[in-house]
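Computed over heavy atoms, backbone and side chain alike; hydrogens, waters and symmetry mates excluded.
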Amino acid sequence: MHTHFMDKLRNYDVSFSGLKNGKHVFKFEIDKSFFQLFDTEQEFTNPKIVADVFLEKHTTFLEFEIKVQGTVELICDLTNDEFDYPIENEIGILVHFGEEYDDSNEDVITIPASDHAFNVAQLIYENVQLSIPMKKISPNVSDEDLEILNRFSPKDIEEPEEEKQESDPRWDALRRLKDNN
(Lines give C-alpha, C1' and ligand atoms only; values in the text may rest on other atoms or scores of the structure.)
Protein backbone atom coordinates (compact mmCIF):
# COMPACT_ATOMS: atom_id res chain seq x y z
CA MET A 1 0.00 0.00 0.00
CA HIS A 2 1.21 3.53 -0.55
CA THR A 3 2.81 5.04 2.50
CA HIS A 4 0.51 8.04 2.66
CA PHE A 5 -2.38 5.70 3.30
CA MET A 6 -0.46 3.75 5.92
CA ASP A 7 0.50 6.96 7.71
CA LYS A 8 -3.10 8.03 7.85
CA LEU A 9 -4.15 4.64 9.10
CA ARG A 10 -1.47 4.81 11.76
CA ASN A 11 -3.40 7.66 13.39
CA TYR A 12 -5.70 4.92 14.66
CA ASP A 13 -2.95 2.87 16.27
CA VAL A 14 -3.34 2.20 19.95
CA SER A 15 0.17 1.85 21.27
CA PHE A 16 0.19 -0.52 24.22
CA SER A 17 3.81 -1.48 24.67
CA GLY A 18 4.67 1.27 27.13
CA LEU A 19 1.45 1.02 29.10
CA LYS A 20 1.05 -0.36 32.57
CA ASN A 21 -1.41 -3.19 33.09
CA GLY A 22 -4.90 -1.88 33.75
CA LYS A 23 -7.38 0.42 32.04
CA HIS A 24 -6.60 3.05 29.45
CA VAL A 25 -8.83 5.21 27.25
CA PHE A 26 -8.16 6.53 23.76
CA LYS A 27 -10.40 8.92 21.85
CA PHE A 28 -10.63 9.23 18.10
CA GLU A 29 -12.54 11.81 16.10
CA ILE A 30 -14.07 10.12 13.09
CA ASP A 31 -14.76 12.31 10.07
CA LYS A 32 -14.94 12.06 6.31
CA SER A 33 -11.21 11.51 5.91
CA PHE A 34 -11.48 8.40 8.09
CA PHE A 35 -13.97 6.77 5.73
CA GLN A 36 -11.87 7.67 2.73
CA LEU A 37 -9.29 5.24 4.09
CA PHE A 38 -11.73 2.46 3.33
CA ASP A 39 -12.87 1.20 0.01
CA THR A 40 -16.53 1.71 0.72
CA GLU A 41 -19.56 1.72 -1.52
CA GLN A 42 -21.45 3.64 1.05
CA GLU A 43 -21.27 7.39 1.04
CA PHE A 44 -20.62 8.64 4.52
CA THR A 45 -21.64 12.25 4.30
CA ASN A 46 -20.69 14.61 7.02
CA PRO A 47 -19.91 12.04 9.71
CA LYS A 48 -19.50 13.51 13.18
CA ILE A 49 -18.50 10.53 15.26
CA VAL A 50 -16.39 9.99 18.32
CA ALA A 51 -14.85 6.60 18.94
CA ASP A 52 -13.91 5.81 22.51
CA VAL A 53 -11.49 2.95 22.76
CA PHE A 54 -11.20 1.38 26.19
CA LEU A 55 -8.19 -0.84 26.62
CA GLU A 56 -7.63 -3.08 29.56
CA LYS A 57 -4.09 -4.34 29.40
CA HIS A 58 -3.29 -7.73 30.92
CA THR A 59 0.08 -9.38 30.98
CA THR A 60 -0.65 -11.87 28.22
CA PHE A 61 -3.55 -10.30 26.35
CA LEU A 62 -5.42 -7.06 25.70
CA GLU A 63 -9.09 -6.38 26.12
CA PHE A 64 -10.63 -3.75 23.88
CA GLU A 65 -14.03 -2.16 24.02
CA ILE A 66 -14.83 0.21 21.20
CA LYS A 67 -17.77 2.59 21.40
CA VAL A 68 -18.86 4.81 18.57
CA GLN A 69 -21.28 7.64 19.01
CA GLY A 70 -22.37 10.50 16.80
CA THR A 71 -24.25 11.14 13.58
CA VAL A 72 -23.89 10.56 9.86
CA GLU A 73 -25.92 12.07 7.11
CA LEU A 74 -27.89 9.50 5.16
CA ILE A 75 -30.02 9.83 2.06
CA CYS A 76 -33.58 8.66 2.54
CA ASP A 77 -34.49 5.76 0.24
CA LEU A 78 -37.97 7.17 -0.31
CA THR A 79 -37.61 10.90 -0.52
CA ASN A 80 -33.91 11.30 -1.33
CA ASP A 81 -33.77 13.85 1.47
CA GLU A 82 -30.68 14.01 3.59
CA PHE A 83 -31.18 13.37 7.26
CA ASP A 84 -28.94 12.98 10.28
CA TYR A 85 -28.85 9.46 11.60
CA PRO A 86 -27.64 8.76 15.12
CA ILE A 87 -24.78 6.28 15.32
CA GLU A 88 -24.30 4.32 18.48
CA ASN A 89 -22.70 0.94 18.85
CA GLU A 90 -20.07 -0.90 20.78
CA ILE A 91 -18.02 -4.01 20.28
CA GLY A 92 -15.60 -5.83 22.49
CA ILE A 93 -12.63 -7.74 21.25
CA LEU A 94 -9.77 -9.66 22.82
CA VAL A 95 -6.30 -9.32 21.40
CA HIS A 96 -3.90 -12.20 21.94
CA PHE A 97 -0.27 -12.48 20.95
CA GLY A 98 0.90 -15.19 18.61
CA GLU A 99 3.09 -16.01 15.64
CA GLU A 100 1.23 -13.93 13.11
CA TYR A 101 -1.82 -11.77 12.55
CA ASP A 102 -5.06 -13.75 12.54
CA ASP A 103 -8.59 -12.38 12.69
CA SER A 104 -10.47 -15.49 11.58
CA ASN A 105 -12.08 -15.72 15.02
CA GLU A 106 -14.60 -12.97 15.36
CA ASP A 107 -14.11 -12.26 19.09
CA VAL A 108 -10.37 -12.78 19.34
CA ILE A 109 -7.71 -11.21 17.16
CA THR A 110 -4.19 -12.58 17.28
CA ILE A 111 -1.36 -10.18 16.57
CA PRO A 112 2.36 -10.89 16.29
CA ALA A 113 4.09 -10.86 19.67
CA SER A 114 6.53 -8.33 18.27
CA ASP A 115 3.80 -5.71 17.68
CA HIS A 116 3.77 -2.61 19.87
CA ALA A 117 0.46 -1.22 18.73
CA PHE A 118 -2.95 -2.42 17.70
CA ASN A 119 -4.77 -0.63 14.90
CA VAL A 120 -8.42 -0.03 15.69
CA ALA A 121 -9.42 1.62 12.41
CA GLN A 122 -11.05 -1.48 10.93
CA LEU A 123 -12.99 -2.17 14.13
CA ILE A 124 -14.20 1.41 14.36
CA TYR A 125 -15.26 1.21 10.73
CA GLU A 126 -17.18 -2.04 11.22
CA ASN A 127 -18.76 -0.61 14.32
CA VAL A 128 -20.12 2.34 12.36
CA GLN A 129 -21.20 0.08 9.50
CA LEU A 130 -23.19 -2.05 11.95
CA SER A 131 -25.05 1.02 13.15
CA ILE A 132 -26.32 1.95 9.73
CA PRO A 133 -29.71 0.53 8.80
CA MET A 134 -30.25 -1.38 5.57
CA LYS A 135 -33.33 0.68 4.83
CA LYS A 136 -32.57 4.34 5.16
CA ILE A 137 -35.81 6.07 6.01
CA SER A 138 -35.86 9.71 7.02
CA PRO A 139 -37.67 10.45 10.31
CA ASN A 140 -39.77 12.91 8.29
CA VAL A 141 -41.37 10.10 6.31
CA SER A 142 -44.88 9.54 7.61
CA ASP A 143 -46.33 6.16 8.53
CA GLU A 144 -48.74 6.42 5.60
CA ASP A 145 -45.82 6.70 3.21
CA LEU A 146 -44.26 3.64 4.77
CA GLU A 147 -47.53 1.73 4.43
CA ILE A 148 -47.58 2.49 0.74
CA LEU A 149 -43.94 1.50 0.41
CA ASN A 150 -44.57 -1.82 2.14
CA ARG A 151 -47.55 -2.50 -0.06
CA PHE A 152 -45.43 -2.09 -3.17
CA SER A 153 -42.24 -3.57 -1.88
CA PRO A 154 -40.47 -5.90 -4.33
CA LYS A 155 -41.06 -9.05 -2.30
CA ASP A 156 -44.83 -8.76 -2.75
CA ILE A 157 -44.44 -8.31 -6.46
CA GLU A 158 -42.31 -11.43 -6.85
CA GLU A 159 -44.46 -13.89 -4.97
CA PRO A 160 -47.35 -14.40 -7.41
CA GLU A 161 -44.86 -15.21 -10.16
CA GLU A 162 -43.34 -17.98 -8.11
CA GLU A 163 -46.72 -19.58 -7.60
CA LYS A 164 -47.30 -19.73 -11.34
CA GLN A 165 -44.27 -21.92 -11.72
CA GLU A 166 -45.54 -25.31 -10.56
CA SER A 167 -42.27 -26.58 -9.20
CA ASP A 168 -38.68 -25.58 -8.86
CA PRO A 169 -36.42 -27.44 -11.29
CA ARG A 170 -33.79 -27.78 -8.56
CA TRP A 171 -36.23 -29.65 -6.34
CA ASP A 172 -37.27 -31.86 -9.23
CA ALA A 173 -33.64 -32.81 -9.75
CA LEU A 174 -33.31 -33.62 -6.08
CA ARG A 175 -36.48 -35.69 -6.11
CA ARG A 176 -35.23 -37.67 -9.09
CA LEU A 177 -31.99 -38.36 -7.24
CA LYS A 178 -33.93 -39.58 -4.22
CA ASP A 179 -36.21 -41.82 -6.26
CA ASN A 180 -33.32 -43.41 -8.12
CA ASN A 181 -31.52 -44.41 -4.96
With the side chain counted from C-beta on, respond yes when F118 and L123 share a heavy-atom pair under 4.5 Å apart, and no when they do not. yes
Test: D52 and K27 ion pair at under 4.0 Å: yes
Heavy-atom closest contact (N119 atom, L9 atom, distance): ND2-O, 2.9 Å
Looking at D31 and I49, would you say the former's side chain and the latter's main chain have a donor-acceptor pair under 3.5 Å? no
For the residue pair Y101 and I109, establish whether any side-chain heavy-atom pair is separated by less than 4.5 Å. yes
Check: D102 side chain, S104 main-chain N or O, donor-acceptor pair, under 3.5 Å: yes
Is any side-chain heavy atom of P133 closer than 4.5 Å to a side-chain heavy atom of Y85? yes
Can you see which heavy atom on D84 is nearest to which on E73, and at what distance? OD1-CG, 3.6 Å
Are any non-hydrogen side-chain atoms of I87 and I132 less than 4.5 angstrom apart? yes
For V68 and I124, the nearest pair of non-hydrogen atoms, with its separation, is CG1-CG2, 4.1 Å
Carefully, step by step, assess F16 and F61 under the rule ring pair (Phe, Tyr, Trp, His ring centres under 6.0 Å). CA-CA 11 Å; F16 54 78; F61 69 99; over 10 Å; no
Taking atom NZ of K67 and atom CD of Q69, what is their separation to the nearest 0.5 Å? 8.0 Å
When rounded to the nearest 0.5 angstrom, what is the spacing between CG in L78 and NZ in K135? 8.5 Å
Are F35 and V128 side-chain neighbours, meaning at least one heavy-atom pair lies under 4.5 Å? yes
Any chance you could measure S15, atom OG, to R10, atom CZ, to the nearest 0.5 Å? 12.0 Å
Minimal heavy-atom distance between C76 and S138, with the atoms involved, is SG-N, 3.2 Å
Please say yes or no: joined through hydrophobic side-chain contacts below 4.5 Å, possibly via intermediate residues, are F64 and V25 part of one cluster? no
Atom CD of E90 and atom OG of S131: how far apart are they, to the nearest 0.5 Å? 10.5 Å
Any chance you could lay out the side-chain contact (heavy atoms from CB on, under 4.5 Å) test for D13 and N11, step after step, and finish with the verdict? CA-CA 6 Å; D13 270 357; N11 296 337; over 6 Å; no
When rounded to the nearest 0.5 angstrom, what distance separates CD in E88 from CG in N127? 10.5 Å
Under 3.5 Å side-chain donor-acceptor pair for N140 and T79: no
Supply the atom-to-atom distance Q36 CD to K32 NZ, rounded to the nearest 0.5 angstrom. 6.0 Å
Less than 4.5 Å apart, any side-chain heavy atom of F83 and any of P139? yes
Are L94 and L62 linked, directly or through other ILVMFWY residues, by side chains that come within less than 4.5 angstrom of each other? no
What do you reckon, are the aromatic ring centroids of F34 and Y12 less than 6.0 Å apart? yes
Quick check on the hydrophobic clustering: are V14 and L37 connected, directly or via other members, by side-chain heavy-atom contacts under 4.5 Å? yes
Smallest heavy-atom separation, I93 atom then E106 atom, equals CD1-O, 3.2 Å
For I111 against A117, the heavy-atom pair lying closest together: CD1-O, 4.4 Å
Classify the ring geometry of F26 against F28: parallel below 30°, tilted from 30° to 60°, perpendicular beyond 60°. parallel
Quick one: does D103's side chain get under 4.5 Å of N105's, heavy atoms only? no
If we ignore hydrogens and angles and just use 3.5 Å, is the side chain of D77 paired with the main-chain N or O of K136 as donor and acceptor? yes
Among E63, K57, E56, which residue meets the side chain to side chain contact (heavy atoms under 4.5 Å, CB included) test with K23? E56
Can you hop from V120 to L19 via hydrophobic side chains spaced under 4.5 Å? yes
Could you tell me if the side chain of V50 sits less than 4.5 Å from the side chain of I30, heavy atoms only? no
